2 protein chains.
Amino acid sequence: MSNTKVLPLIEAEGSEAVAPCCPPLTERPFTAEEAEAAARMFKALGDPVRLRLFSAVASHESGEACVCDISDVGVSQPTVSHHLKKLKEAGLLTSQRRGTWVYYRVEPSVLAAMGKLLTLPAVA
Amino acid sequence: MSNTKVLPLIEAEGSEAVAPCCPPLTERPFTAEEAEAAARMFKALGDPVRLRLFSAVASHESGEACVCDISDVGVSQPTVSHHLKKLKEAGLLTSQRRGTWVYYRVEPSVLAAMGKLLTLPAVA
DNA sequence: CATCTATGTTGACATACGTCGAACCAGTGG
DNA sequence: CCACTGGTTCGACGTATGTCAACATAGATG
């Protein structure tokens with residue numbers, strides 16, 4: 001694989017804390033607050049276009065991608081921008097302007113946190 | 001823990017295939033079809049009430065729960081029923097009537113599949 | 001059958017969401 | 001300073017969604 005960069009599994013550094021949201025779904029019933037927080041992330045991925053955009057960024061080499069590289073998802077460019085904004089608001093992506101282009105990258109801690117949410121109880 | 005039953009990690013048996021939906025999000029950009037399928041599941045969990053209901057079922061002993069056990073989430077009973085139906089349509093829950101009560105249980109294969117979706121690339 | 005409890009279904013309503021075109025801002029290069 | 005390209009923001013529009021009250025259905029029980 002071309003992914004030569006080690007994705008850090010630490011928590012977010014500069015942004016607001018997004019990672020330590022909730023325990024695994026199967027551990028105990030979610031509280032209202034936990035559900036609110038987790039649902040925000042799930043909802044952000046609950047749209048096909050956003051999921052494609054997110055996947056495109058996440059699978060891009062070096063973990064980041066220019067908008068121009070991923071905006072071929074069948075909707076207009078303003079719509080792409082709108083969805084990227086939603087993903088950013090949900091804490092799943094961060095953006096950075098470099099010269100002419102804007103680059104988006106995934107927040108690895110969030111991916112890890114959501115993965116943990118869905119872990120099954122140890123089969124035994 | 002009280003969970004004495006081994007959760008089978010196989011694909012769904014009776015219902016339509018829901019498990020082998022997509023590769024990890026970070027592996028390659030999702031196709032439109034993959035995104036459509038995966039977004040359906042994420043969207044189902046993208047509501048706080050549904051997430052609480054799902055978590056309540058998933059964390060219940062023996063992996064199933066009666067509606068009466070989980071319907072205390074701050075909305076009216078018809079709304080609970082509505083959300084449970086949505087979760088069923090998304091393939092996340094199955095229901096079964098036993099006498100007076102209706103029991104819901106999670107589809108373990110789906111949980112596993114969604115977990116895989118969110119797996120990070122092997123850090124190395 | 002009458003009735004009671006546990007769920008599901010229907011219809012209505014307000015709000016949220018996805019989408020687009022048009023206008024707008026940020027850098028780049030003449 | 002002016003045009004051009006890449007992206008975002010705005011305003012509008014149709015559709016989907018979450019919610020409830022009212023009604024309907026399924027078993028249990030008298």
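Because the structure is predicted, anything quoted here is derived from the model rather than measured. Residue numbers begin at 1 in each chain, while the letters A, B, ... track the order of the sequences.
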Report task. Mind listing the residues from residues 42-54 of chain B sitting with a heavy atom below 4.0 Å of DNA chain D? Number order is fine. Result -> B:Lys43, B:Asp47, B:Val49, B:Arg50

Report summary line: Contact string for nucleotides 25-30 of chain C, one letter per nucleotide 5' to 3', B = base within protein heavy-atom range under 4.0 Å, S = sugar-phosphate only, - = neither, reads -SSS--

Report task. Using the rule that two of Ile, Leu, Val, Met, Phe, Trp, Tyr join whenever any of their side-chain heavy atoms come within less than 4.5 Å, decide whether B:Tyr103 and B:Val110 are in one cluster. Result -> no

Query - Path from B:Val75 to B:Leu51 over hydrophobic side-chain contacts below 4.5 Å - result: yes

Query raised in the report: Which ones in residues 71-86 of chain B lie close to DNA chain D, meaning a heavy atom under 4.0 Å from one of its atoms?
Result: B:Val75, B:Ser76, B:Pro78, B:Thr79, B:His82, B:His83, B:Lys86

Query raised in the report: What is the distance, rounded to the nearest whole Å, between atom CG of B:Asp69 and atom P of C:dA6?
Result: 12 Å

Report task. Report whether A:Leu93 and A:Val102 are members of the same hydrophobic cluster (ILVMFWY, side-chain heavy atoms less than 4.5 Å apart, transitive linking). Result -> yes

Query - Distance test, side-chain N/O of B:Tyr104 to OP1/OP2 of C:dA6, below 4.0 Å - result: no

Query raised in the report: Atom CD of B:Glu89 and atom P of D:dG18: how far apart are they, to the nearest Å?
Result: 11 Å

Query raised in the report: Which part of the nucleic acid, if any, lies within reach of A:Tyr103 when heavy atoms closer than 4.0 Å are counted: base, sugar-phosphate only, or nothing?
Result: nothing

Report task. Drop me the distance from B:Leu117's CG to A:Leu118's CG, to the nearest 0.5 angstrom. Result -> 9.0 Å

Query - Distance (rounded to the nearest 0.5 Å) between B:Thr94 OG1 and B:Glu64 CD - result: 8.5 Å

Requested in this report: To the nearest 0.5 angstrom, please state how far the CD atom of A:Glu27 sits from the OG atom of B:Ser55.
Outcome: 9.5 Å

Query raised in the report: With respect to A:Val57, which candidate in A:Ile70, A:Leu87, A:Val67, A:Asp69 satisfies the side chain to side chain contact (heavy atoms under 4.5 Å, CB included) definition?
Result: A:Ile70

Query raised in the report: Would a hydrophobic clustering, with Ile, Leu, Val, Met, Phe, Trp and Tyr connected at side-chain separations under 4.5 Å, put B:Tyr104 with B:Trp101?
Result: no

Query - CG-CG distance between A:Leu45 and A:Leu111, expressed to the nearest 0.5 angstrom - result: 8.0 Å

Query raised in the report: Testing A:Arg52, A:Arg50, A:Lys88 for side chain to side chain donor-acceptor pair (under 3.5 Å) with A:His83, which one passes?
Result: A:Arg50

